[in-house]
Amino acid sequence: MSNSPRTSPTHFSRIARRLDDETGMGYQKALAEVRNKADEIMRMGGRLDAAGRDMALRLLLHQSIEFWGPGVGAHPWPQSYHPVSMTWSPSRPCEEAFQAAARAGGQGQPEPTGDEFDPSYLAAAGVEPLDYYGTPDDEEWDEDGEDGAQPSRCEPVDEPDRWQRHVLTQGVRAAYRLPGAHSLEFSERAELQGLPAPAAAARLDNLIAQRPAAVEAYVLRAEQVLAQARERGEEPDRAALVEARRWYECAVAVAEVPLQFPLYDGRETGPALPWRVEANRPLLRALYGLAGVAHRQKRWNTAEMILLRLLYLDPQDRQDAAPLLGQVREAAGLLPPDRTSPTNPGPRKNA
């Protein structure tokens, strides 16, 4: 197809770079994928601005899309927890850790805490639930969905707040506690704090070898890699990010071994893993750390997916995943809708 302002090589190059960042397939292969899908990308409509390029990326990655505002897409909000580790091909060390944790057994299963997560505080703060099943009042709306979602008909919603409306819509959820085997003992944490960095790394490696289900050890290993760069007054370089990503991915893969939420109580929505339950923190920290590394690596699509699943598990958001989600989408060029536009009255009142 001929080039136009909407289909210039520059636009395709930007999409290819993001596709390469997300997948690691290599820029030339990514560019070939973009060119092969050029006609399909342009049939999505709109210009290839930041939002259009993001939509094209999601098309190339074969991802389902939810519209959060005019022309802006996002990963759908989870209706149940989908393991993050199923979205990547694990590196050999992570695969070995996963298999070792599975063989070790003895982790147990997540258990009910005896209480529930109640999102009614969001309603008290002015958040309104979403209508998952409503359709716009438009005679031309295709009820069969053959034409796909229509961005122009989606309500303009301020991106950082929309996840709260999903949480409110899902209602009360059971709170669960992850296996205690994921955490280190208090004495082990105290020992690690008293060791210099090389000795602490060696001790953590020893703990991982002895107890492959100790998710917290993988998390601390990743945090140690990033902390060493900060102690030098530097931002983590590419090598440090790659190493930290590997440790975080191992932590997530191991923590997700016992997660079988759909089997528990037959509810339409899965359990919450509140931060206040200490046994849940290794997985929650691993997800937040992995999203942060993806953000630094400009893998914004991946970071967004992880953060939405983290917010699903811990809606009270004690780690401030929601502000990081806003930073991720802003870095990708996806700004909240313009509240002053006459055709875009802005978001509903949110907390």
Side-chain angles (χ1 to χ4, degrees), residues 1-79 82 87 130-159 162 166 294 298-305 308 325 328-338 341-345:
M1 61 187 298
S2 61
N3 289 330
S4 72
R6 299 195 327 164
T7 63
S8 71
T10 299
H11 289 310
F12 284 176
S13 177
R14 289 173 178 172
I15 297 170
R17 286 194 179 92
R18 284 201 59 190
L19 182 60
D20 179 30
D21 287 338
E22 296 289 344
T23 65
M25 66 170 54
Y27 172 73
Q28 292 300 326
K29 184 176 179 180
L31 184 59
E33 288 284 328
V34 174
R35 288 171 174 165
N36 288 338
K37 294 284 187 178
D39 290 339
E40 194 171 349
I41 288 171
M42 298 317 303
R43 280 199 298 271
M44 296 173 65
R47 302 182 64 85
L48 290 182
D49 55 6
R53 293 193 297 272
D54 187 74
M55 295 292 288
L57 176 67
R58 295 170 196 273
L59 169 70
L60 292 162
L61 293 172
H62 306 287
Q63 293 171 333
S64 298
I65 297 171
E66 174 192 8
F67 286 100
W68 283 13
V72 180
H75 291 276
W77 179 255
Q79 296 301 304
H82 305 287
T87 65
L130 288 167
D131 180 3
Y132 285 134
Y133 306 105
T135 55
D137 294 329
D138 190 328
E139 295 180 356
E140 298 180 359
W141 176 258
D142 180 10
E143 294 183 356
D144 295 329
E146 293 180 358
D147 293 334
Q150 301 294 317
S152 62
R153 295 170 179 161
C154 296
E155 59 176 320
V157 179
D158 187 18
E159 175 272 327
R162 187 173 178 84
H166 284 287
K298 299 183 179 180
R299 296 164 50 238
W300 297 309
N301 187 284
T302 298
E304 177 192 272
M305 175 273 294
L308 285 177
L325 177 61
V328 166
R329 288 177 64 77
E330 182 176 357
L334 302 177
L335 301 177
D338 181 4
S341 170
T343 60
N344 185 354

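We use all heavy atoms of the structure for the numbers below, so side chains are in, but hydrogens, waters and symmetry mates are not.
Side-chain contact check for Arg329 versus Trp300: every heavy-atom pair is 4.5 Å or farther apart. The shortest distance between side-chain heavy atoms of Arg58 and Arg53 does not fall below 4.5 Å. In this structure, the side chains of Val328 and Asn301 stay at 4.5 Å or more apart for every pair of heavy atoms. Using a 4.5 Å heavy-atom threshold, the side chains of Ile41 and Leu48 count as touching. Contact annotation: the side chain of His82 never approaches that of Thr87 to less than 4.5 Å [non-hydrogen atoms, C-beta and beyond]. Considering only heavy atoms from C-beta on, Asp49 stays 4.5 Å or farther from His11 through its side chain.
Taking CE of Met305 as the reference point, atom CZ of Arg299 lies at 8.5 Å (rounded to 0.5 Å). Taking CG of Leu19 as the start and CG of Leu60 as the end, the distance is 5.5 Å to the nearest 0.5 Å. Taken from CD1 in Ile15 to OG1 in Thr10, the straight-line distance is 11.0 Å, to the nearest 0.5 Å. Atom-to-atom distance recorded for Glu33:CD and Leu61:CG is 10.0 Å, nearest 0.5 angstrom. Atom CZ of residue Phe12 and atom CG of residue Leu31 lie 9.0 Å apart, to the nearest 0.5 angstrom.
Between Lys29 and Asp20 there is no salt bridge, since none of the side-chain N atoms of the basic residue sits less than 4.0 Å from a carboxylate O of the acidic one. Between Lys298 and Glu22, none of the side-chain N atoms (NZ, or NE/NH1/NH2) sits under 4.0 Å from a carboxylate O, so this pair counts as no salt bridge.
In this model, a donor atom of one side chain and an acceptor atom of the other lie less than 3.5 Å apart for Arg17 and Ser13. Under 3.5 Å, the side chains of His166 and Glu66 contain a donor-acceptor pair of N or O atoms.
A pairwise comparison of heavy atoms in Ala16 and Ala30 identifies O-CB, 3.4 Å as the closest pair. Summarising the geometry of Ala332 relative to Arg18, their closest heavy-atom pair is CB-NH1, 3.9 Å, with the distance given to 0.1 Å.
Residue Glu330 qualifies as open at atom CD: its count of foreign heavy atoms under 6.0 Å is 12 or below.
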So Leu59 and Ile65, side chain to side chain contact (heavy atoms under 4.5 Å, CB included) or not? Walk me through it.
CA-CA 9 Å; Leu59 169 70; Ile65 297 171; 5.8 Å; no
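Not one N or O on the side chain of Glu304 forms a donor-acceptor pair closer than 3.5 Å with the backbone of Leu325.
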